[in-house]
Amino acid sequence: MTEARFMEGLVQEEGLIFERSREGKRAFSLPEPDVPVRGLSEIVPGDLLREEIEDFPEVSEVDVVRHFTRLSTWNYGIDTGYYPLGSCTMKYNPKVNEDMSRLPGFAHSHPYQGDELSQGALRVMFELAEFLAEIGGMAKVSLAPAAGAHGELTGTAIIRAFHAKNGNPRSKIIVPDSAHGTNPASTSRCGYEPIEIRSNEHGCADAHAVAALMTDDVAGIMLTNPNTLGIFEENLREIAEIVHAKGGLVYCDGANLNAVMGIARFGDMGVDVMHFNLHKTFSTPHGGGGPGCGPVGVVEKLAPFLPLPTIERDPDGFHLNYNLPDSIGQIISFYGNFGVMVKAYSWIRSLGPEGIKAVTENAVINANYIRQRLKKHYHLPYDRLCKHECVFSDAKQLPNGVNTMDIAKRLIDYGMHPPTNYFPLIVHDAIMVEPTESEDKASIDRFIDAMIAIANEAQTTPDLVKSAPHKTKLSRLDEVQAARRPVLRWKPGE
Ligand SMILES: *Cc1c(COP(=O)(O)O)cnc(C)c1O
């Protein structure tokens with residue numbers, strides 16, 4: 001029972017709302033209405049009405065408010081602190097961009113409003129697509145996909161449509177082992193067989209390996225750049241030539257564009273299709289299941305296959321174009337997640353070309369600073385200049401019985417969110433750190449100091465690390481059990 005649990009200082013412990021239930025408690029008390037009362041069943045169709053909910057909690061208003069307010073303080077987010085989750089770009093985004101997306105003219109516009117009443121919104125989308133095309137070196141961009149993986153699916157469908165139009169969709173796509181996990185998944189979902197190539201000793205896709213596999217049956221290659229090791233795919237141009245020579249296409253996963261934008265463009269390296277993650281690089285927070293946007297950019301010859309609708313400009317203004325005979329079709333309701341687009345537009349406009357470039361420079365220097373200072377303390381499998389993130393492992397701590405999970409949990413005691421663990425798969429027991437551009441040196445130094453302290457603890461007091469976290473309400477949870485046997489319904493007495 002909640003009352004029996006202790007509060008510690010002002011950090012409140014919190015049970016389930018069901019445990020607060022007392023028979024007869026009500027969350028509101030209004031005077032008797034002086035107008036006729038209509039029952040719920042008169043308003044809501046019967047088949048949508050639920051029967052009595054078993055064990056529905058009976059609680060007061062203050063119970064409800066305290067319960068949910070306390071729970072909300074248990075969240076850890078980028079506004080709370082440092083969040084070096086590799087491959088996720090958990091960076092701070094200026095609040096002004098949120099403000100812009102909430103301007104009433106944007107927030108209240110309706111997708112059925114018609115082009116003539118949506119000129120402002122269409123202009124934002126049109127110009128955003130142009131900015132992204134410029135940043136990626138692409139001919140045309142569609143903003144429709146709702147996520148990075150959705151962008152990959154869209155881009156692969158475009159590749160398939162292109163090959164099919166030329167008489168043979170082909171059956172395979174090459175995917176390096178350093179590509180993001182969604183890459184092979186998206187290619188298979190589109191009916192292609194992903195064929196894996198192993199990275200070379202520098203952590204890069206190898207041009208010879210591609211050449212050996214590239215046949216007339218291979219639709220192309222899908223690679224992630226920078227790859228999941230945080231390393232720039234330096235053979236990309238050469239690989240693109242090999243793939244193109246056999247009629248294949250090159251897809252580049254640009255989810256981690258905060259490592260290259262403003263400095264280099266994939267279009268200039270022979271890439272035919274790419275996607276962007278607006279909910280990473282372009283001012284929408286990543287994670288939390290919120291709406292995302294994974295625009296897809298293509299070269300000129302693939303533009304006819306883009307999803308519907310495209311946004312066009314003519315002398316009368318902007319309009320949605322549904323007349324694209326070779327299009328892969330509509331991939332989302334309406335035009336995608338507009339609020340995310342406004343934030344990206346606002347962010348790009350406020351930074352300008354110099355600011356975009358500075359973002360990349362800061363993201364890269366931050367990651368390299370960490371790499372350089374931590375490599376004495378943690379095994380660094382690919383010790384070379386990285387882009388926006390770097391990947392360590394637990395190899396130096398394992399002899400003392402301390403593994404990646406222990407290190408991650410211990411970092412929580414130091415007040416920080418752990419890095420990504422056990423990904424990418426090509427590094428055994430990976431610890432993947434992405435500081436992002438929004439952290440200053442003081443906060444990065446705090447992280448490095450904590451990591452060094454943990455490395456020392458792993459030698460002197462390994463049990464302390466292995467049993468971490470110690471400063472959280474709950475210590476180590478059984479994650480396997482939580483995933484395999486989730487208890488989603490509370491029953492009294494259980
Ligand atoms: C995050 C990420 C994705 C997937 O993006 P979602 O929006 O989560 O679907 C794909 N590729 C790379 C390289 C990523 O970092």
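Atoms within a ligand are numbered from 1 in the order they appear, just like the ligands themselves.
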Just list the N/O pairs, ligand 1 to protein, that are under 3.5 Å apart, with the distance for each.
| from | atom 1 | to | atom 2 | distance (Å) |
| --- | --- | --- | --- | --- |
| ligand 1 | 5 (O) | Asn277 | ND2 | 3.2 |
| ligand 1 | 7 (O) | Gly148 | N | 2.7 |
| ligand 1 | 7 (O) | Asn277 | ND2 | 3.2 |
| ligand 1 | 7 (O) | His279 | NE2 | 2.5 |
| ligand 1 | 9 (O) | Gly148 | N | 3.3 |
| ligand 1 | 9 (O) | Ala149 | N | 2.8 |
| ligand 1 | 11 (N) | His180 | ND1 | 3.4 |
| ligand 1 | 11 (N) | Asp253 | OD1 | 3.3 |
| ligand 1 | 11 (N) | Asp253 | OD2 | 2.5 |
| ligand 1 | 15 (O) | Ser87 | O | 3.1 |
| ligand 1 | 15 (O) | Ser87 | OG | 3.1 |
| ligand 1 | 15 (O) | Lys280 | NZ | 2.6 |

Kindly say whether Ile231 contributes a backbone atom to a donor-acceptor pair with the side chain of Asn227 at under 3.5 angstrom?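 Checking the backbone N and O of Ile231 against the side chain of Asn227, a donor-acceptor pair under 3.5 Å is found.
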
May I ask you to test the Leu122-Arg313 pair for a side-chain heavy-atom distance under 4.5 Å?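 No, side chains not in contact.
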
Kindly state whether the ring of Phe447 and the ring of His417 have centres lying under 6.0 angstrom apart.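 No.
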
State yes or no: are the ring centers of Phe334 and Tyr112 separated by less than 6.0 Å?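 Between Tyr112 and Phe334, which both carry aromatic rings, the centre distance is below 6.0 Å.
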
With rounding to the nearest 0.5 angstrom, report the CD to CZ distance, Glu234 to Arg384.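 Answer rounded to 0.5 Å: 4.5 Å.
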
Can you name the salt bridge (charged side-chain N to carboxylate O under 4.0 Å, His left out) partners of Lys165, sequence neighbours left out?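 Here the qualifying residues are Asp326.
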
